[in-house]
Amino acid sequence: MSGSKAFDIFIVGGGINGCGIARDAVGRGYSVCLAEMNDFASGTSSWSTKLVHGGLRYLEHYEFRLVREALMEREVLWGMAPHIIWPLRFVLPHHKGLRPAWLLRLGLFLYDHIGGRRRLPATTTLDMKRDPAGKPLKPLFSKAFEYSDCWVDDARLVVLNARDAADKGAVIRPRAKLVSARTEKDGWLLTIEDQASGRREDVRARAVVNAAGPWVDQVLSRAVGRNDVHNVRLVKGSHIVVRRLFEHDRCYIFQNADGRIIFAIPYEGDFTLIGTTDLDYEGDPKDAAISQAEIDYLCDAASEYFANPIKRSDVVWTYSGVRPLYDDGASKAQEATRDYVLKRDGANGGPALINVFGGKITTYRRLAESMMDKIAEAIGPKGKPWTAGATLPGGDFDAEGFPEQVRRLKGDYPFLSEQQAHRLVRLYGTRAWKLLGTASQASDLGHHFGADLYELEVAYLIEQEWAQSAEDVLWRRTKLGLKTGAEEAAALDRYIREKRSGISHSAAE
């Protein structure tokens with residue numbers, strides 16, 4: 001035991017909050033170890049609606065602090081990662097019989113003015129009989145409001161935070177499960193288990209951060225030994241993906257008669273993403289799946305607006321995730337707070353265990369800063385806040401400079417198609433040059449796995465982004481699973497196993 005590695009902070013959970021905290025902490029000078037029992041963003045963090053937004057509907061629940069903080073973060077995050085985050089315009093049709101137009105306009109006035117908006121354009125009013133945004137909708141929607149928010153590739157946001165933390169010295173351990181956590185007089189003794197080999201190792205830490213998302217209570221009961229914990233309300237959100245429903249690049253936000261809203265968002269070029277639902281959930285979060293009732297709900301809600309109805313047969317993919325909302329006693333799932341709560345567990349004076357409850361992708365960076373305040377109280381301060389002005393890997397270019405990066409990449413690697421160059425810059429930003437290296441012709445990209453996925457990119461994802469399976473590559477590091485078949489995925493899986501086996505053998509030698 002005396003030989004076990006020692007850290008200032010041990011973090012449980014490789015979602016957006018865990019990876020964001022790891023990045024912030026190591027950048028301030030803390031020694032950090034993070035363990036994730038599966039792949040990064042394999043839980044809640046990759047099953048979101050993929051928006052960096054203030055949360056317009058949260059204004060109705062008077063969550064002004066949350067909305068203000070989230071609105072302020074939009075342009076900060078856009079500046080940090082302009083390859084995976086970019087502005088979108090949202091079209092909100094006025095639906096007679098639901099919220100009155102004056103109320104929508106008042107809400108959008110607040111939305112425009114309470115969050116320090118500088119670069120994003122303000123709200124405008126649309127005549128839907130003339131504007132192209134009215135064309136896909138039923139003719140009864142004659143008026144709409146258009147406002148700004150941002151899109152984010154959520155799973156890539158997570159892995160880029162993990163990559164940056166590792167680049168700064170953090171020990172990042174995917175597929176390593178915390179099996180026990182015991183207090184000692186000056187900290188914690190933690191046992192983690194490699195999920196592939198079953199090998200266990202002990203590490204020590206002065207403080208533990210429990211950022212396990214929907215498994216946060218399970219960590220407390222299983223590993224720490226806290227009985228009868230109930231801090232989170234599990235709420236399932238499901239989405240459907242259909243073939244592209246409209247030609248323009250704007251999004252829609254639709255009001256429903258039940259008081260909820262859904263989004264219809266351009267997705268991966270050829271598709272439209274529709275979601276989300278909000279349903280209380282019981283059971284293991286890993287088993288969450290969309291129900292037929294949820295598919296019908298989303299199809300019906302969208303069909304209230306689109307001129308061509310959406311049918312079950314139009315759905316090409318679905319995904320579901322469980323949000324770990326702090327249990328504030330709200331009567332309805334959609335009314336439970338989306339704000340985050342950080343709570344220190346146990347008696348004062350003992351080793352620090354700080355739990356993360358709730359939160360949303362948009363405010364992950366601010367959550368990490370708040371966690372650093374808690375850590376400073378527990379084990380002493382190090383460094384100052386630094387993440388607001390620091391770019392994530394690949395994001396070191398102007399927030400509005402994406403087209404120029406695509407032109408540069410295409411110029412440096414003329415054998416790439418326009419589509420390939422665009423996709424590579426979208427995923428990797430300036431690190432696309434590192435990925436492509438000395439490639440001078442298409443054959444240098446290596447074996448073709450389907451869509452525009454080649455061996456060179458897969459090797460990069462294995463070596464730089466911890467990819468260990470076809471699912472990691474096709475559904476989290478990229479979304480090319482939408483464009484590849486089962487045989488191509490199986491071939492990719494075999495390649496990754498062989499490639500990683502070679503890496504393991506080399507390491508052993």
Side-chain angles (χ1 to χ4, degrees), residues 16-17 44-45 47-78 87-92 95 98-100 102-117 120 122-123 145-152 154 213 232-239 251-265 275-280 301 321-342 356-367 370:
I16 188 56
N17 291 330
T44 307
S45 294
W47 303 132
S48 75
T49 312
K50 310 184 191 310
L51 299 178
V52 170
H53 66 142
L56 182 61
R57 69 186 180 88
Y58 304 151
L59 290 173
E60 291 188 313
H61 302 298
Y62 308 109
E63 297 207 51
F64 297 113
R65 190 210 65 79
L66 173 62
V67 174
R68 175 175 166 76
E69 182 175 278
L71 288 171
M72 292 174 69
E73 280 295 282
R74 294 178 306 179
E75 295 189 24
V76 173
L77 298 186
W78 177 23
L88 288 177
R89 293 290 279 172
F90 286 77
V91 176
L92 171 57
H95 191 307
L98 298 180
R99 297 169 182 85
W102 67 265
L103 183 62
L104 296 178
R105 193 64 189 88
L106 175 61
L108 288 165
F109 178 84
L110 290 172
Y111 209 70
D112 275 347
H113 290 91
I114 67 173
R117 177 184 55 82
L120 294 171
T123 298
F145 302 104
E146 183 181 283
Y147 68 94
S148 294
D149 266 325
C150 291
W151 170 265
V152 60
D154 50 7
V232 292
R233 179 175 188 166
L234 299 183
V235 175
K236 182 177 70 167
S238 296
H239 297 75
C251 313
Y252 293 98
I253 174 172
F254 296 145
Q255 305 173 76
N256 300 329
D258 60 4
R260 297 204 66 257
I261 58 95
I262 65 163
F263 296 97
I265 307 171
T276 179
T277 58
D278 264 317
L279 297 171
D280 282 310
V322 176
R323 295 188 284 272
L325 306 183
Y326 184 69
D327 193 351
D328 60 357
S331 58
K332 294 180 181 179
Q334 62 263 35
E335 293 175 0
T337 182
R338 265 57 177 176
D339 211 345
Y340 55 83
V341 177
L342 310 179
V356 179
F357 305 118
K360 58 202 296 279
I361 279 180
T362 306
T363 52
Y364 90 90
R365 193 195 64 81
R366 293 292 294 271
L367 182 153
S370 297

> Say you draw a straight line from CG of Asp339 to CG of Leu66; how long is it, rounded to the nearest 0.5 Å?
Replying inline: 4.5 Å
> Where the side chain of Ser370 meets the backbone of Arg366, is there a donor-acceptor pair that is under 3.5 Å apart?
Replying inline: yes
>> One pair to check against side chain to side chain contact (heavy atoms under 4.5 Å, CB included): Arg105 and Thr123. What are the steps and the verdict?
In response: CA-CA 9 Å; Arg105 193 64 189 88; Thr123 298; 3.8 Å; yes
> If you measure from OG1 on Thr49 to NE2 on His239, what distance do you get to the nearest 0.5 Å?
Replying inline: 3.0 Å
> Under 3.5 Å, side chain of Glu73 to main-chain N/O of Arg365, donor-acceptor pair present?
Replying inline: no
> So, does Asp258 use its side chain to make a donor-acceptor pair with the main chain of Arg260 at under 3.5 Å?
Replying inline: yes
> What distance separates Lys50 NZ from Ser45 OG, expressed to the nearest 0.5 Å?
Replying inline: 10.0 Å
> Quick one: are Val152 and Ile361 in side-chain contact, heavy atoms under 4.5 Å?
Replying inline: yes
> Any luck finding a side-chain donor-acceptor pair between His53 and Thr362 under 3.5 Å?
Replying inline: no
>> I'd like to know if the side chain of Arg99 reaches the main chain of Gln255, judged simply by a donor and an acceptor atom lying under 3.5 Å from each other, with no hydrogens or angles considered.
In response: no
> From Leu56 CG over to Asp149 CG, what is the distance, rounded to the nearest 0.5 angstrom?
Replying inline: 8.0 Å
>> Given the ring of Tyr58, does Arg68 sit roughly above its face, with NZ or CZ under 6.0 Å from the centre of the six-membered ring and within 45° of the axis?
In response: no
> How long is the span from the CG atom in Leu325 to the CG atom in Asp278, to the nearest 0.5 Å?
Replying inline: 7.5 Å
> So, does Thr44 use its side chain to make a donor-acceptor pair with the main chain of Val322 at under 3.5 Å?
Replying inline: yes
> For Ala301 and Asn256, which heavy atoms make the closest approach, and how far apart are they?
Replying inline: CB-OD1, 3.6 Å
> Going through the checks in order, is the side chain to side chain contact (heavy atoms under 4.5 Å, CB included) test met by Trp151 and Val52?
Replying inline: CA-CA 6 Å; Trp151 170 265; Val52 170; over 6 Å; no
> Which atoms form the tightest heavy-atom contact between Asp280 and Arg233, and what is the distance?
Replying inline: OD1-NE, 2.7 Å
>> Please check: side-chain N/O of Thr276 versus main-chain N/O of Ser238, any donor-acceptor pairing under 3.5 Å?
In response: yes
> Using 30° and 60° as the class limits, which term best fits the ring planes of Tyr111 and Tyr147: parallel, tilted or perpendicular?
Replying inline: perpendicular
> What heavy-atom pair brings Ala70 and Gly54 nearest, and what distance separates the two atoms?
Replying inline: CB-CA, 3.7 Å
> What's the spacing between Leu51 CG and Cys251 SG if we round to 0.5 Å?
Replying inline: 7.0 Å
>> Using side chain to side chain contact (heavy atoms under 4.5 Å, CB included), reason through Asp112 and Leu120 one step at a time and then give a plain yes or no.
In response: CA-CA 9 Å; Asp112 275 347; Leu120 294 171; over 6 Å; no
>> Are more than 12 heavy atoms, taken from residues, nucleotides or ligands other than Phe109, located less than 6.0 Å from that residue's CZ atom?
In response: no
